[in-house]
Amino acid sequence: MITGPKLQLTIDCAEPERLAAFWAAALGYEVEPPPAPFATWRGYWLSQGLPEEELGAGDCSDSVIDPHGAGPRIWFQQVPEPKVVKNRLHLDLGVSGGRGVPFATRKERVLAEITRLESVGASRSRIEDSEGSGSFFAVMQDPEGNEFCVH
């Protein structure tokens with residue numbers, strides 16, 4: 001059996017640990033543990049010869065994984081430049097149950113998820129509410145301003 005490449009999403013950011021914690025909470029993922037026998041990624045990277053001054057503060061966690069192994073690994077790559085324009089690629093979080101679910105129920109589910117995500121650091125940009133077309137979703141931003149949708 002021939003398989004394709006394994007997918008990893010890479011997101012440029014200023015604070016990898018902060019985004020790893022946010023997206024782990026948002027997606028039901030977990031912050032990827034360091035390789036054994038290391039207690040922290042900082043310890044691992046120091047053992048690999050990376051200088052302390054390149055590691056910054058914290059334990060250096062910079063990736064999240066799906067605990068069930070179904071979704072892609074997401075790596076938060078620290079870059080020096082800030083985000084300045086709209087994303088060309090964004091994540092969609094499907095929580096409503098889809099068009100087979102009554103509009104009012106889908107709306108309630110999306111609003112509940114918006115509230116949960118705001119409690120862990122997201123901000124709401126706008127809500128699209130069009131019962132006539134059956135569309136209800138929110139455009140949100142993670143703690144560094146990367147756009148994503150909840151539908």
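Not measured: the values here are computed from a predicted model.
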dist Thr105:OG1 -> Glu108:CD (nearest 0.5 Å) comes out at 6.5 Å
Closest heavy-atom pair, Phe148 versus Gln141, reported as atoms and distance to 0.1 Å, is CE2-C, 3.5 Å
- Query: Looking at side-chain heavy atoms only, is the closest gap between Met140 and Leu93 below 4.5 Å?
  - Reply: no
Same cluster or not: are Val95 and Ile127 linked, directly or through other Ile, Leu, Val, Met, Phe, Trp or Tyr residues, by side-chain heavy atoms under 4.5 angstrom apart?
yes
message = Run His90 and Cys149 through side chain to side chain contact (heavy atoms under 4.5 Å, CB included) and show every step you take.
response = CA-CA 8 Å; His90 70 266; Cys149 292; 3.7 Å; yes
Would the distance check show the side chain of Glu32 and the main-chain N or O of Val64 forming a donor-acceptor pair, the cut-off being under 3.5 Å?
no
So the ring pair (Phe, Tyr, Trp, His ring centres under 6.0 Å) pairs with at least one residue in residues 96-144 (sequence neighbours excluded) are none
Point to revise | Path from Val139 to Ile114 over hydrophobic side-chain contacts below 4.5 Å | key: no
Nearest heavy-atom approach of Arg42 to Leu55 is NH1-CB, 3.6 Å
### Query
Just wondering, more than 12 heavy atoms not from Glu128 lying within 6.0 Å of its CD?
yes
| With the threshold set at 4.0 Å, does a side-chain nitrogen-carboxylate oxygen contact exist between Glu144 and Lys83? | no
So CG of Leu91 and CD of Glu147: to nearest 0.5 Å the spacing works out to 11.0 Å
*Are Val79 and Trp23 in one and the same hydrophobic cluster, where Ile, Leu, Val, Met, Phe, Trp and Tyr link if side-chain heavy atoms are under 4.5 Å apart?*
no
dist Phe76:CZ -> Ile74:CD1 (nearest 0.5 Å) comes out at 5.0 Å
*Show your reasoning for whether side chain to side chain contact (heavy atoms under 4.5 Å, CB included) applies to Asp12 and Asn146.*
CA-CA 10 Å; Asp12 292 350; Asn146 299 302; over 6 Å; no
Could you check Asp62 against Trp41 for side-chain hydrogen bond (donor to acceptor under 3.5 Å, both in side chains), going step by step and ending with a plain yes or no? CA-CA 9 Å; Asp62 64 0; Trp41 280 100; 5.4 Å; no
Item to check | Leu7 atom CG, neighbour heavy-atom count above 12 within 6.0 Å | outcome: yes
Please check if atom CD in Glu52 has more than 12 non-hydrogen atoms from other residues, nucleotides or ligands closer than 6.0 Å. yes
Here the gap from Gln77 atom CD to Cys13 atom SG, rounded to the nearest 0.5 Å, amounts to 8.0 Å
Handout entry: Exam field: side chain Arg116 to backbone Ala25, donor-acceptor pair closer than 3.5 Å
Key = yes
Item checked: Transitive ILVMFWY side-chain link Trp45 to Ile65, under 4.5 Å -> no
For Pro67 and Glu30 the tightest heavy-atom approach is CB-OE1, 3.5 Å
Rounding to 0.5 Å, atoms NZ (Lys86) and CG (Leu89) come to a distance of 9.5 Å
What one should report as the nearest heavy-atom pair of Leu50 and Leu46 is O-CD2, 3.4 Å
Fit a plane to each ring of Tyr44 and Phe38, take the angle between them on a 0 to 90° scale, and name the class: parallel (under 30°), tilted (30 to 60°) or perpendicular (over 60°). perpendicular
Given the options Val110, Leu117, Leu111, Thr115, Glu113 meets side chain to side chain contact (heavy atoms under 4.5 Å, CB included) only with Leu117
Between the SG atom in Cys60 and the CD atom in Glu17, the distance rounded to the nearest 0.5 Å is 6.0 Å
Notebook entry, point to check: Could Arg124 and Glu118 be called an ion pair, given the rule that one side-chain N must be under 4.0 Å from one carboxylate O?
Noted result: yes
Q. In terms of hydrophobic clusters joined by side-chain contacts under 4.5 Å, are Val120 and Leu27 together?
A. yes
For His151 and Asp92, the nearest pair of non-hydrogen atoms, with its separation, is NE2-CB, 3.7 Å
In short, Ala20 meets Val31 closest at the heavy-atom pair O-CG2, 4.1 Å
Query - Modelled atom types, side-chain donor and acceptor of Arg73 and Ser63, under 3.5 Å - result: yes
